[in-house]
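To start, the structure itself, in structure tokens.
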Amino acid sequence: EWGQEQPGVDPLNPAYSYEARLDLMDKGIADPKVVNKIPLHFHKAWLLDKLERFAEAEQIYLMQTANTNAAERADAFVNYARFLEGRAARYYTPAWKPYLKQATAAYLQALAVGVGPKTPGNWGYRESAANCAIAAGDFNAARTVLDMIVAGSKGTTNDFVRIRLGRIAWAERDYEGVVAFYPPVDSPLNIREQYPMEDRANVAKALKLLGREEELLKALEVLKNKVDRNWRSYYAFAYDRLKAKLGK
């Protein structure tokens with residue numbers, strides 16, 4: 001409950017401060033009556049992170065990765081990876097790649113355990129691992145994770161995988177791959193969460209670079225109707241210009 005904003009809670013009440021909660025975690029860890037101390041260790045690490053005591057938080061995350069229980073060890077690696085992703089995040093500038101590379105390595109360690117994490121909130125770790133690897137520019141690791149997702153789906157390449165393969169192809173300037181991997185721009189997938197306009201636009205850019213203008217015209221026609229109003233006039237102009245060029 002403490003990890004979320006709660007209506008009615010006075011943020012100035014010292015009892016709700018990170019420091020007070022950290023003290024309570026320490027009491028729980030020291031209490032012999034508390035059998036399962038793992039959640040307390042993870043919450044303590046989370047609190048230390050919030051207090052910017054990063055070295056202490058990292059020490060706890062790493063300590064938990066030595067757990068002999070496979071599912072709990074997988075949890076520990078995922079939690080450590082997410083901690084590192086948080087360390088990589090910066091305002092107004094790209095995430096710091098050295099931390100993202102460390103996070104990718106931690107995700108791969110979680111996958112190598114061979115057993116899924118125990119905590120339900122960590123069950124989507126394969127998707128998180130793929131996104132982290134792409135952000136880190138480690139495309140080989142990303143492909144490894146995506147192959148695991150496909151294998152887990154009985155060989156089915158779902159739209160999550162296709163979009164990530166498209167992003168990798170775009171980053172590697174494999175424009176044929178961009179067109180082949182990404183879903184079509186008129187895909188009915190949720191625009192904001194699953195198939196953003198930036199990704200759909202990459203398909204149009206790739207078609208332009210490949211000189212496939214007939215296909216590009218169809219893509220632009222879709223884009224000008226799907227984009228928000230800030231970009232609508234731009235895509236409408238591009239569509240009309242190409243349409244005139246092709247004599248349509």
Say you draw a straight line from CZ of R143 to CG of D138; how long is it, rounded to the nearest 0.5 Å?
-> 10.0 Å
For R73 and T65, indicate whether the former's side chain and the latter's backbone hold a donor-acceptor pair under 3.5 Å.
-> no
Could you grab the distance from atom CD1 of I168 to atom CG of L146, nearest 0.5 Å is fine?
-> 5.5 Å
Within 45° of the axis and under 6.0 Å from the centre of the six-membered ring of F54, does NZ or CZ of R87 qualify?
-> yes
Is V227 linked to L216 within one hydrophobic cluster, defined over Ile, Leu, Val, Met, Phe, Trp and Tyr using a side-chain heavy-atom separation of less than 4.5 Å?
-> yes
When clusters are formed by joining ILVMFWY residues with side-chain heavy atoms under 4.5 Å apart, either directly or through shared neighbours, do L165 and Y195 land in the same one?
-> no
Backbone N/O of S153 and side chain of T156: donor-acceptor pair under 3.5 Å | yes
Do the side chains of E56 and K44 get nearer than 4.5 Å, heavy atoms only?
-> no
Answer with yes or no whether the hydrophobic clustering places L220 together with L210; edges join I, L, V, M, F, W, Y residues whose side-chain heavy atoms lie under 4.5 Å apart.
-> yes
V115 side chain near E72 side chain, heavy-atom distance below 4.5 Å = no
Under 3.5 Å donor-acceptor, T104 side chain and L100 backbone | yes
Report whether L48 and I38 are members of the same hydrophobic cluster (ILVMFWY, side-chain heavy atoms less than 4.5 Å apart, transitive linking).
-> yes
Main-chain N/O of N122 paired with T119 side-chain donor or acceptor, under 3.5 Å = no
F160 six-ring face occupied by R164 cation (under 6.0 Å, within 45°) = yes
Side-chain donor/acceptor of K37 to backbone N/O of I29, under 3.5 Å = yes
Any donor-acceptor pair under 3.5 Å from R167 side chain to Y182 backbone = no
Is the Y61 ring parallel, tilted or perpendicular to the Y80 ring (thresholds 30°, 60°)?
-> tilted
Looking at CH2 of W96 and CD of Q102, how far apart are the two atoms once the value is rounded to the nearest 0.5 Å?
-> 8.0 Å
Euclidean distance, Y235 OH relative to M197 CE, rounded to 0.5 Å = 6.0 Å
Judged by atom type as modelled, is there a donor-acceptor pair below 3.5 Å linking the side chain of N79 to the main-chain atoms of D75?
-> yes
Linked, directly or transitively: L84 and L108 (ILVMFWY side chains, under 4.5 Å) | no
Less than 6.0 Å separating the ring centroids of W170 and Y175?
-> yes
